[in-house]
Amino acid sequence: MKSFPLFTALALLTLAAPVASQGQEYTNFIRQIQYPSGVTRDVSVEQTGEQESPLSIDPGGARFELWTVKNTPLTSYLLDNKYVGAYIPTAYISIQTEDPYPTQPRTRADRPYWATIEVTGLLSGDEDPPASKQVRVTLHAQSYGENGNGDDIDRNDANLIAQGYISGNGSYNLNFTYHYIPSTNSTKARGEERLSVFSLEDYQAPADVITSQYVQIWPVADATITGIAQNGLYKSRMPDVNINLNDLYPDTRVYAQVYQGDAQLGTEGTIVPGSALIINHSVPQDRVLTLSDWDDSFPDDGRWTMEVITVTPFGTERLAHVTFELDRTIEFNGSVTTVE
Amino acid sequence: MNHHRHLVCIVLAMGTLGTVSGPIGISQAAPGEPSSAKKPAMRDVITHEQLMARRQASKEAEPMAKFEKAEGEDPAKINPPQDIISQSEFLSSSGNMTLVPKRAILHIPDRLRDRTVKKDGMKIMTWPSFFAKNRTWITTIEVSRQQAEGILPIDEKRFESMQQTGDVIVATMGGSPISVLPLKIPEDTDEEEEDGAVETGRQQLVN
């Protein structure tokens with residue numbers, strides 16, 4: 001019997017752990033389920049670490065499941081699961097994006113991601129079991145729904161996009177320039193895509209996941225400016241302006257800038273005081289920026305442009321802009337006479 | 001000549017005013033390598049129409065086309081993990097609760113039955129932490145792999161002795177709770193032998 005070490009690097013609460021709110025606590029459990037008997041054993045686990053499983057692995061293999069359990073309401077979340085067996089190949093998937101966020105691979109609906117699948121242990125002898133000579137790779141996509149963040153989704157509902165076989169050991173590099181999450185507006189796709197490697201069904205065990213990794217895909221932000229009109233003329237103090245910001249990427253810096261003249265993309269303007277906002281979160285955010293008492297941003301009359309700019313791991317982008325006229329100089333036409 | 005030179009200068013100046021809104025600057029990275037190249041200058045945020053047009057114009061092969069195509073049922077739906085809560089039994093006391101695999105609790109005295117009911121809002125503890133706080137009413141019995149699989153019985157005399165303590169008895173292996181399957185009793189030897197689990201409720205002695 002093969003004694004198999006538990007999989008390591010149990011970065012438990014960094015694996016898509018739900019966000020705890022007040023009063024909620026999460027506790028983690030690892031379960032080892034033996035095939036074909038179904039005998040189940042729990043393993044105590046710290047935040048990170050490794051230990052050898054005392055329940056050795058039969059030819060039928062065993063599945064290891066990593067769960068986190070929320071105390072109220074009593075709910076469980078599967079963080080990871082892996083199937084290991086005496087002659088089952090091993091695999092590893094890594095996903096990379098332009099966002100250096102360390103907790104969970106994530107990107108945006110219009111940005112690419114890259115994946116590497118490494119497979120080892122595949123056999124090729126005529127007498128070797130089929131499950132030792134081939135694995136199956138799958139791509140699933142699942143929407144979080146409008147304004148959803150994935151906290152309560154059932155990942156069993158994910159859509160199978162494609163599946164294929166791998167028969168040779170080695171590394172396989174994949175480029176995902178476009179995404180598969182269903183959305184009527186492609187820039188507002190919001191969900192996750194998952195790559196998995198499965199073992200083949202064996203005489204003692206069903207097909208099971210050897211490794212799996214997913215990337216979160218967040219929508220492109222948008223902004224609307226209210227309170228000031230395109231080509232509007234303003235003769236007194238500047239009106240209050242609201243900037244409605246939707247779906248700000250979890251790592252975003254936002255600001256409003258102004259400059260004289262018509263809109264010209266790439267112009268470095270003057271940042272409106274009080275308009276800068278930093279988003280550093282795990283999920284997209286909505287915000288409203290209000291610009292008021294901002295006349296000092298306009299030292300001169302004339303034609304001005306205001307732009308809403310965001311800076312994300314994907315670059316600097318203009319979300320919205322508006323151009324208007326300022327004419328605050330009082331001109332007096334007339335004469336002064338006195339009467340005694 | 002001067003006019004021509006002036007015109008050239010204007011063209012160059014326009015070219016330095018930043019990018020014009022157009023094709024999105026996706027970094028052309030090598031496969032598997034995210035780009036470390038300089039990000040493009042400011043651009044307008046992409047629209048749905050622009051993104052769709054770019055995708056339709058793309059000549060890139062589908063990434064999964066790299067593999068020999070597989071058909072058949074979605075393997076993720078064949079044998080999905082079952083919710084751990086539905087596959088567990090519970091032990092609770094004084095606002096604390098833990099989970100153990102189903103069939104890990106071998107004996108529950110009537111007086112302690114309410115401590116094996118699932119409750120919401122408790123502090124969930126791992127088994128070692130919970131057991132350390134509740135040794136006064138929980139006894140563990142180490143079982144072998146064959147006992148857990150129902151191939152060999154648990155020693156009856158030993159088990160009965162443990163029941164006399166009036167504690168809840170939990171099966172463990174290496175100190176961690178483990179399920180114990182019903183004891184498998186072989187069929188009559190005159191018939192073809194088949195494996196079969198016998199629902200005994202608890203362990204029975206086999207001579």
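Each chain gets a letter, A, B and so on, in the order the sequences are listed, and its residues count up from 1.
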Subject >> Intermediate values then yes/no, side-chain contact (heavy atoms from CB on, under 4.5 Å), B:Lys66 and A:Leu174 >> reply: CA-CA 8 Å; B:Lys66 182 188 290 278; A:Leu174 307 173; 3.3 Å; yes
Original post:
A:Tyr83 and B:Asn79: side-chain contact (heavy atoms from CB on, under 4.5 Å), yes or no, with the steps?
Top reply: CA-CA 11 Å; A:Tyr83 171 63; B:Asn79 183 31; over 6 Å; no
**OP:** For side-chain contact (heavy atoms from CB on, under 4.5 Å), just list the numbers for B:Leu99 and A:Phe29, CA-CA rounded to whole Å, side-chain angles, deciding distance to a tenth of an Å, and then say yes or no.
**Re:** CA-CA 9 Å; B:Leu99 290 65; A:Phe29 297 85; 4.0 Å; yes
**OP:** Determine, step by step, whether B:His48 and A:Ser186 satisfy the side-chain hydrogen bond (donor to acceptor under 3.5 Å, both in side chains) criterion, reporting the C-alpha distance in whole Å, the side-chain angles of both residues, the deciding distance to 0.1 Å, and the verdict.
**Re:** CA-CA 6 Å; B:His48 165 68; A:Ser186 61; 2.8 Å; yes
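Using a 4.5 Å cut-off between heavy atoms, B:Met97 contacts chain A through its side chain alone, with no backbone atom that close. Of the two parts of B:Thr98, only the side chain, counted from C-beta on, holds a non-hydrogen atom closer than 4.5 Å to a non-hydrogen atom of chain A. In this structure, the portion of B:Met64 lying under 4.5 Å from any heavy atom of chain A is its side chain and not its backbone. The contact between B:Glu71 and chain A is made entirely by backbone atoms, counting heavy-atom distances below 4.5 Å. Contacts of A:Tyr165 with chain B are made by both backbone and side-chain atoms, with heavy-atom separations under 4.5 Å. Interface residue B:Lys119: only backbone heavy atoms are found under 4.5 Å from chain A.
At least one donor-acceptor pair closer than 3.5 Å links the side chain of B:Ser179 to the backbone N or O of A:Thr40. Using a distance-only test at 3.5 Å, with no hydrogens or angles considered, a donor-acceptor pair links the side chain of B:Arg54 to the main chain of A:Asp110.
For the atom pair B:Ile124 CD1 and A:Asn28 CG, the distance stands at 11.5 Å (nearest 0.5 Å). Atom NZ in B:Lys77 sits 5.0 Å away from atom NE2 in A:His140 (nearest 0.5 Å). Here the CE-CG distance, from B:Met125 to A:Asn71, works out to 12.5 Å after rounding to the nearest 0.5 Å. One distance of note links CE of B:Met42 with CG of A:Leu265; it measures 6.5 Å at 0.5 Å rounding.
Among A:Ile166, A:Val69, A:Thr27, the residue with the largest count of heavy-atom pairs under 4.5 Å with chain B is A:Thr27.
In B:Lys133, the NZ atom is not crowded: 12 or fewer heavy atoms of neighbouring residues, nucleotides or ligands sit closer than 6.0 Å.
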